[in-house]
> 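If you scroll down you'll find the structure; I have some questions about it.
So you know, we letter chains A, B, ... as the sequences are listed, proteins then strands, and number each from 1.
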Number of protein chains: 2
Amino acid sequence: MAIRPMARTDVNRSAILAHLGAHGPASRAELARTLSLSPALMTQLTKDLLHDGLLRELEHQASQGGRPARMLGLVSSAGRAVGVKVASDHVAFVEVGIDGTVLRTASEPFDAAATTMLMSLAGLLRSFIAGGSSAPLLGIGVGVPGSVDSQAAGVVSSTQLKWNNVPIGATLRRELGLPVLVENNVNALAMAERLYGLGRRHRNFLAVTIGTGIGAAIVIDGLIVRGFGGGAGEIGHIPVREDGPRCTCGNIGCLETFASESALVATARDRNVIAPGAGVAALRDAADRGNPAAIAVFGEAGHLLGRAIAGLVHVLDPEVVILLGEGTADWGHWSYGFEPAFRAALIPARRGIPVAVETWQDASWAQGAATLVLATPFDAEGIAGEQGDLVRQRLVQQASPQERS
Amino acid sequence: MAIRPMARTDVNRSAILAHLGAHGPASRAELARTLSLSPALMTQLTKDLLHDGLLRELEHQASQGGRPARMLGLVSSAGRAVGVKVASDHVAFVEVGIDGTVLRTASEPFDAAATTMLMSLAGLLRSFIAGGSSAPLLGIGVGVPGSVDSQAAGVVSSTQLKWNNVPIGATLRRELGLPVLVENNVNALAMAERLYGLGRRHRNFLAVTIGTGIGAAIVIDGLIVRGFGGGAGEIGHIPVREDGPRCTCGNIGCLETFASESALVATARDRNVIAPGAGVAALRDAADRGNPAAIAVFGEAGHLLGRAIAGLVHVLDPEVVILLGEGTADWGHWSYGFEPAFRAALIPARRGIPVAVETWQDASWAQGAATLVLATPFDAEGIAGEQGDLVRQRLVQQASPQERS
DNA sequence: TATGGTTTGTTTAGTCCTGAACTAAGGGGA
DNA sequence: TCCCCTTAGTTCAGGACTAAACAAACCATA
């Protein structure tokens, strides 16, 4: 095992860009502190980046008691990235600037089960890219519900999409001629959360998504845990009861069969709380109106979710639990069952752990995928591999065809 | 966050020592490969270590098709380490050589609740150390059942020992004048397992200990997960049932109240399977004789343990699950309930994950603690902090008071 | 208005490490 | 026997990074 992982050479240069993108302008001294680098090196690196045209010096900042800081900002025309969320019946696209801001979104119908689906995805991507800004495109991030062997290779297996070892990474790369990074969608979201969201101030957190299914991403020491086979975070299949409906995985008693939007809808239909064809919106409306049966459906799911997550808090000892996903819109109803079960199941020392609910937007999944590209700088361990190098190259090359001093 | 963790300066020198200690003699080329360092650097480092007298060149190895390798071996008189296991009613000591072999063991009664316990522990340690070999003592490793703020600081909180923020690290350091590394006992054991045991070939595994209580250590990418507060791995308090006896943590339904040796004994007594004063040995004997009630006690515990660990496998996606602790002696009886519950609760893709039972010896806990000292080299992230530096200094200084070329 | 303290940023000398080119030492086949 | 192949190990030039010393720019206070 490597004692000194020996990051790729210009990781730090890109880390500066990513930090400025995520947090806005900063001084050299501040960058050196937050990135744990020496001021000396920061001088060197920023000199290069300024020369390359990726950074520019902004105005001075008011003195903090000493010499005033010269702020550095990104040259926003330096690049853009595209993120894709793949679902079984549609794909969502988003284009983001180098600073992480969403520039453009789109959504298209898509049949993940079709034999030609890889080609049609490539086609949809091509036309989305063509409509974008003129800034150089650094790469494509793809978020999928399932396990991915590695971001760089991008071979996907997913029960939800009914995919088995689909080489989506290699195919898109060949078709589009761009760096392509593939990741589990929850992990991608967690990465976005770490760079731009509540996770920004935490190096250890647990991100839980509530949607059609239920998932989690584990961030330890600032890095996402992928597990041996890239399948870490599958909390949907934690066994929580001895009985219950059969899960898509074939087992009985999985958390996902009790605590997910699909599970809520199924239960509510069984109990005639909502009409046979109604969805989660109807259930929410019923609960909003104070329907006790609807409230109970949320409460029971929240109870099981709370106990399961309490177990994870014991195992992982995170600093905070962050809730994400479409389902957070109904969190008010969930929390009714969640909070008491969660707190009661925790050992006293952890009972005060914060549970934060992140504001959710439709574009968030795809934005998370785009973050894969922008987060490449943080990839000190080489998770993104060769594709990460390509992203870095594109970032630097586009700005300065001339050689560096 | 640090993009490039920038390991302490002579980490690699010590990594070489640790590798040779754990795996026996190796050639420069082999060391360079396994430690992911360049052959060039290996030449430099081994030159220093040979000069310092910590390494010696052994005979040539038969050619592998090219130039035959010159093997390098440890000079075994170069150092020793002492490990301590602290329990509520006793402490166990072990002295190990630099290559990890156990040289000497001892066990003493100890009252963890006494007000003078820190001083008496220091005294017991002093006398144990005095009886040891003449090789220089590199440091003391202490394993405790509870959470530790950091190995270097060594402030311990433990419900089992009824300790709250006890500064055992600082106290022993002051009293003994030696580097002291403190760690949760299960984490210490996992570290030993990674260096010398089944974990040697795996960078991602889950180690589960069955004893008086139940615990776990999580190893991801070769590093132990400590969590935000140093309390990761507390699987004993995962909620597994809505009912059950009250746990020492104050809650109801904790795994530990069903699946631990104490829980087994309590259940067996309740059901009159064993006499009121009898212990786990009696229960084992009964199960060995084929007593169905005794077998059922094991089976039920195994069932709950299997489901809980299946949940962890989903969340963490380890390569292998390793079982450790006194309780593994009865694993034959546990597995009767464990295996079906475990396999049935796993998603198909993970159903084949191996579960390995490590052979267990009385000295293992203390040996794990001693490994903290010997494993300091692997501490690229600075987990052991200043204490790790001191260990490294002692290792190098003792061998060569003269300056290095 | 000097003086010292504080924060920012640069320069310099030196450490750690790598890649590339090299030497060393064996084996096997024409 | 000679030549080529393979693996082991060394040397050398150079890159990335840091610590330490220094310079720059501001503030507060006597």
> Quick one: are B:E57 and B:R28 in side-chain contact, heavy atoms under 4.5 Å?
yes
> How would you list, by chain and number, every residue that makes a salt bridge (Lys or Arg N to Asp or Glu O under 4.0 Å) with B:R67, sequence neighbours excluded?
none
> Does any part of the side chain of A:R226, heavy atoms only, come nearer than 4.5 Å to the side chain of A:V148, both counted from C-beta?
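When only atoms from C-beta onward are counted, A:R226 and A:V148 do touch, with a gap below 4.5 Å.
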> Can you name the atoms? Protein N/O to nucleotides 22-25 of chain C N/O, anything below 3.5 Å, with the distance.
{"from": "C:dA25", "atom 1": "N3", "to": "B:R67", "atom 2": "N", "distance (Å)": "3.3"}

> Would you say B:R28 places a side-chain N or O within less than 4.0 Å of OP1 or OP2 belonging to D:dT7?
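Looking at the OP1 and OP2 atoms of D:dT7, neither is under 4.0 Å from any side-chain N or O of B:R28.
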> May I ask you to test the B:V96-B:T371 pair for a side-chain heavy-atom distance under 4.5 Å?
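No, too far: nothing below the 4.5 Å cut-off.
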> I need the CE-C1' distance between B:M42 and D:dA8, as an integer number of Å.
13 Å
> Which value, rounded to the nearest 0.5 Å, describes the distance between A:L74 atom CG and A:L54 atom CG?
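Atom-to-atom, A:L74:CG and A:L54:CG are 8.5 Å apart.
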> When the distance from CG of A:L45 to C1' of D:dT18 is rounded to whole Å, what number comes out?
12 Å
> Can you tell me if B:T43 touches the phosphate of D:dT11, counting only side-chain N or O atoms and a distance under 4.0 Å to OP1 or OP2?
no
> How close or far is atom P of D:dA13 from atom CD of B:Q44, stated in whole angstroms?
14 Å
> Between D:dT10 atom P and B:L50 atom CG, what is the distance in whole Å?
9 Å
> Using atom CD of B:E57 as one end and atom C1' of D:dA8 as the other, report the distance to the nearest whole Å.
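Going from B:E57 (CD) to D:dA8 (C1'), I get 12 Å.
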> Out of D:dA8, D:dT10, D:dA20, which nucleotide sits closest to the side chain of A:A40?
D:dA20
> Can you identify which nucleotide, out of C:dG9, D:dT18, D:dG9, has its nearest atom closest to the A:L37 side chain?
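Nearest nucleotide to the side chain: D:dT18.
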> Specify the residue among B:S38 and A:S27 whose closest nucleotide of DNA chain C lies further upstream toward the 5′ end.
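So the residue in question is A:S27.
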> Taking the minimum atom-to-atom distance to the side chain of A:R70, which one of C:dG9, D:dT11, D:dC17 wins?
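Per side-chain heavy atoms of A:R70, the pick is C:dG9.
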